[in-house]
There are 2 protein chains.
Amino acid sequence: MANISKKVSWSGRGDDRGERTPLLNGAEDGKYNRHVLNFVFQSLDYDNSENQLFLEEERRMSHMGFRCLETRRWVICGLIGFLTGLIACLIDIAVEKLAGYKYSAVKQNIEKFTEFGGLSISLILWAVLNSAFVMVGAIAVAFFEPFAAGSGIPQIKCYLNGVKIPRVVRLKTLAIKVFGVICSVAGGLAVGKEGPMIHSGAVVAAGVSQGRSTSLKKDFKIFEYFRRDTEKRDFVSAGAAAGVSAAFGAPVGGVLFSLEEGASFWNQMLTWRIFFASMISTFTLNFFLSIYHGKPGELSSPGLINFGRFDSDSVQYNLYEIPLFIIMGALGGVLGALFNVINYWLTIFRIRYIHRPCLQVMEAMLVAAVTATVSFAMIYFSNDCQPLGQDNTEEYSLQLFCADGEYNSMATAFFNTPERSVRSLFHNPPGSYNPLTLGVFTLAYFVLAVWTYGLTVSAGVFIPSLLIGAAWGRLFGILLSTITSIWFCCVNLTGGIVRMTLSLTVILVEATGSVTYGFPIMLVLMTAKIVGDYFIEGLYDVHIKLQSVPFLHWEAPPTSHWLTAREVMSSPVTCFNRVEKVGRIVDVLSNTSTNHNGFPVVAHTTENDEPGKICGLILRSQLIVLLKHKVFVERASSRLSHRKLQLKDFRDAYPRFPPIQSIHVSQDERECMMDLTEFMNPTPYTVPQETSLPRVFKLFRALGLRHLVVVDNENRVVGLVTRKDLARYHLGKDGLEELHLAQT
Amino acid sequence: MANISKKVSWSGRGDDRGERTPLLNGAEDGKYNRHVLNFVFQSLDYDNSENQLFLEEERRMSHMGFRCLETRRWVICGLIGFLTGLIACLIDIAVEKLAGYKYSAVKQNIEKFTEFGGLSISLILWAVLNSAFVMVGAIAVAFFEPFAAGSGIPQIKCYLNGVKIPRVVRLKTLAIKVFGVICSVAGGLAVGKEGPMIHSGAVVAAGVSQGRSTSLKKDFKIFEYFRRDTEKRDFVSAGAAAGVSAAFGAPVGGVLFSLEEGASFWNQMLTWRIFFASMISTFTLNFFLSIYHGKPGELSSPGLINFGRFDSDSVQYNLYEIPLFIIMGALGGVLGALFNVINYWLTIFRIRYIHRPCLQVMEAMLVAAVTATVSFAMIYFSNDCQPLGQDNTEEYSLQLFCADGEYNSMATAFFNTPERSVRSLFHNPPGSYNPLTLGVFTLAYFVLAVWTYGLTVSAGVFIPSLLIGAAWGRLFGILLSTITSIWFCCVNLTGGIVRMTLSLTVILVEATGSVTYGFPIMLVLMTAKIVGDYFIEGLYDVHIKLQSVPFLHWEAPPTSHWLTAREVMSSPVTCFNRVEKVGRIVDVLSNTSTNHNGFPVVAHTTENDEPGKICGLILRSQLIVLLKHKVFVERASSRLSHRKLQLKDFRDAYPRFPPIQSIHVSQDERECMMDLTEFMNPTPYTVPQETSLPRVFKLFRALGLRHLVVVDNENRVVGLVTRKDLARYHLGKDGLEELHLAQT
């Protein structure tokens, strides 16, 4: 276990579509490669570059100025919440409308053919409608923005962890994401619309906080101060929280999600802003949905998923049920692990064989058709007829072969959007389902959900897992007939799959509106997590690992105390002098084989390979801006007429700094010199070579570092530790051996 | 505003009782003193000293060993939760019993005298009973353990912030605390038993995690690995969370409390353990209380305070109520600020004039008597008679001058423990109170609560503030008669007083068991916080500031970018050589005027005032242990027969390292040399002199540092930044001017 020095090997065979699926083109092939962690994934510069320009700006700012900034941050968070809420509202209404049309059409058709026979036509109609919806969504995702695929939660996890997944917070991604999720839910796939909300919230945050859209080439000239990774990441965590909040009506859960995923470095003011964004988001959704449902002012739809209200009597549990909860949790952990393992193999299969967009679209359509067929078959062969109650709230209840005044209970589970099915399972009176129906449904839906997650459509796994859990919990409740409240145990599967104990508890408590269940929910989730972790990681972590993201875990591997910075660091380091020749800078930046992003600046020339004394750290992005503006010493005199380079110039170029190739530097200019003093960070964090890996790790994690300079006792640069250097040590840990075996 | 370089002045006139009230003997008098921050308050060494001994131990440990450690951590957290729950249970039962006896006695007496006149005897009986209870509690606190006074939340806040308040986590403090809180609640003071639970949980955690009690001189020889500040602090945060959880039945709220107060450096595994401790704690309390109440298995008492269950119909709110919530919040903020301001002046008065234990006891008794008198007068003069309903649940309903079948409604508010009064206010049917009763009650209780907080008794401010808020909210609800749900607004006052927005929301949502109110509660709390902050800080922060604790805020003051490490650091620094003369070490440690705790170790002798190159950092506590074991170079040969000094020796001495005066070093030994290489931390964090204050601050906050070595570009030690150096910059900020004016 945890063989730290194990050479990491990776053979996710990339495809030939260049930038389109960089998520998957890990490293070349088979054999070990130092840069096994994807080039595509850059890290965020969470640590401020406190160079002279920055300090001058900060020092010029008055107390009032800081207060203004703070107010602006609150305004932005309010906006993020508002827009996220609106998007959630849009998705909800669109899905309801489209699914409504679809189910009405199919229902009419079924009713027409039930009497005369020929139901296969209805089946075909259903399958075609499903496939058509899914096709549109899959085409949008596969051909226009592959990064909009899936729930987006792994990507946001990575972003909050400090990894910049390219294009993940762009406007285009958001548009495709929203469109895609509407299509896939309306297309009847075993998916939820909740996961994508988190991604959507994050994109909204990244967009709003910058006060411009690079895609639309529109700059509102506001919020310019926030155009750097530090600020942007903070807002993105607010956006993710707002997304969770809108999805589940769970503002505190949203805050905890952001904390659980990203916040090793965290402060109180930020948390309050995140909280504010979450509040506004659920409120906006609630407000507009209430108006849409014709009950303005009642505010009864705080989230996309709405479990309805529970009687306080029905949410009582007894002491002797606790061992049962634990057993349920353990079972959920095992089932969740099974889900993850199957999905893991499926994903590897997809990476290998299904990497062309058209294949991906076809697979999605196939799944949609199969989902319709399975559903239809279930409904058709089920003879579980239940009397239509007075208070029957099913919108699309199917009579099918049942007697008049009865309806097919399998249809309530399958002939419905997953959210509604969950609600039915929670609330329908005892006896609404027979055990066989539930058992078959659970099994079928489990298989469908496993198959569906990872398709090239935009959708989440949350609701399907809740639905399977709810059905199974209901089954359990029937079998142990005395226990009426057992159905709440639906959470255990979700816990087994995604393993977000803390935030999930709060999310579910808030979503069900019932605190009484808090303790058993926690108990179940923790058991599910412990049991599940024994087999395989959480689903999101599995996918993150499969994409070889340089993800930093919470702590250094336990047995890594014998490693020091010396073993971990990259060495030798490419350093620059305080005053450096332009030619050398261009050459270093153009060297695609190294592709470094941070360069220590040293005091003396390093001709004879003697390391120089550290005097700063400069980033690739800063050098690019300097080169673009030709800030050369020789031009200083002529520059007097020009204006001095300002922080604004860096901000304008952020975040899409041009590649070095696009900057023309003439032969004359190559001979010029560049003075980096003003622009480098003069006080980068440094550690001596003897520092242990856990200590280095802690520094990285606590400060969100990207580069850490390693110095000897004379303060001379001897190495550089990057986030990727550290992440590599974790990839070696559990599960990679199998991964290796699986792929070779 | 925020005049950073302002000289801090402080004149809390200390008293002459030495260690007994070190909380208050800030600095000498009137004029500025560099060591204005109390000597008594040491910082925690949250940063591990990764010396050779430590690394050797870690490297020897197998993967299995780490897993065992992790398991042990979980076991400890379980124990912490269990014991905290038990203590809560004990307090609850004891208070109920004692208060029951008291109220029965007084009730009988009142009933006896109502007919015949002579109720003044009843008043005297009541006042005497109250005073007697309070006297016993106050004597215990004032004479035996002054640190057990108050709610303990400010002290725990400080501890989580990284300040070691002496004796705050000792067994004796716990015993006095528990005893004191039982007495003061039973004594009828306007206090709650919830705040002290947080302190109790923290003490339990500090005790259990160390596997021994220094006070009882009992060492169980378990959990020895956890005998250092880093681990202990983590467990204390779990204990505080468990305390909140037991007090309010709010496990998630507990976790958030710990996060909100202490966790700038935080990780996921720790959070889960904290969560686990919280779960166990509320469950234990629930379990035992259910048995005590004769309903085992029903699990209906998750916390000390129990608001009872709400109908889901009554917890509905409407859109047009939202502006009202905001107004309520603002009002709550203003009232809370008023509370804090009055209490602040009162505390200053107490610091100046009431510092003898006997005076303190007398004040407490006076307050108890006055509370009884006011209550009695209220009840006596109130003619608000209400019919005794069928479902009347009042245990001590007083008929007094009311007609038969009626009861005095003022008595339900006053003749009761505060928890029960809150519940009555929440649940009694509309019309149970008339507006005048409520208005008078609110006012009287407000005054009493302000006066009570800060007395030398062990008690919390949480429940009184909830009670005032509930009464006032109920009044509001009557005045705006259409709005039935307005009474929930009781939270706003609590928010205005303590200002813990995030955790308080969750605590209240969990305690009321109703998620529907989540959003309005947040809204109210945030408004209350914003409005309140405009006037004065939160109550706990006021008290922390009054005690001149070196408390680190979340961020550096905004306009501090023009300050660098050079301006903040202490300089010159007392350094030691790698191999240092014992005499010099003893002299330095004995120098009471400096009293340093961390010493950079340098490579060369510093004879000619040239600073030496940094090669490590050693703590006073480590040096003490070395001196005690006479680890001198000259004895190395003879030590061969002895065993080598191990980490165990440091752990055995932890946390009460003997003072230097108690270690005898002979004249011969003074000439010996000590080799520090093996024991110093060879890789302390360092920063260059030019590092800006916010950057230094961030490093401190993120890593929980105590000392940060400032070096020049040759890696030579030029200064040392300590937590106190940083805290001093914050004391300069808002409010200190007035504080200064107030005290001189």
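Here is how names work: the chains are called A, B, and so on, in the same order as the sequence lines, proteins then strands, and each is numbered from 1.
Residues Arg59(B) and Trp562(A) approach most closely at NE-CA, 3.2 Å, considering heavy atoms.
Counting heavy-atom pairs under 4.5 Å between each of Asn681(A), Thr282(A), Val687(A) and chain B puts Asn681(A) at the top. When each of Leu69(A), Val252(A), Asn713(A) is scored by its heavy-atom pairs under 4.5 Å with chain B, the top score falls to Asn713(A). Your options are Thr683(A), Thr691(A), Val506(A), Val711(A), and the one with the most heavy-atom pairs under 4.5 Å with chain B is Thr683(A). The candidate from Lys698(A), Glu56(A), Lys529(A) with the greatest count of non-hydrogen atom pairs under 4.5 Å with chain B is Lys529(A). For the set Phe276(B), Trp272(B), Phe275(B), the count of heavy-atom pairs under 4.5 angstrom toward chain A peaks at Trp272(B).
The CE atom of Met526(A) lies 3.5 Å from the CH2 atom of Trp74(B); values are rounded to the nearest 0.5 Å. Between Arg695(B) atom CZ and Asp47(A) atom CG the span is 4.5 Å, to the nearest 0.5 Å. Atom CD of Gln52(A) sits about 10.5 Å away from atom CD of Glu690(B), to the nearest 0.5 Å. Atom CG in Asn715(B) sits 7.0 Å away from atom OG1 in Thr686(A) (nearest 0.5 Å).
Only the side chain of Lys613(B) comes within contact range of chain A, judged by heavy atoms closer than 4.5 Å. Only the backbone of Ser62(B) comes within less than 4.5 Å of a heavy atom in chain A; its side chain stays farther off. In this structure, chain A has heavy atoms under 4.5 Å from both the backbone and the side chain of Tyr685(B). With a 4.5 Å cut-off on non-hydrogen atoms, Ile614(B) does not touch chain A at all.
Taking the six-membered ring where tryptophan is involved, the planes of Phe66(A) and His561(B) are essentially parallel, since the angle between them stays under 30° and well short of 60°.
Considering only heavy atoms from C-beta on, Ser692(B) comes within 4.5 Å of Glu50(A) through its side chain.
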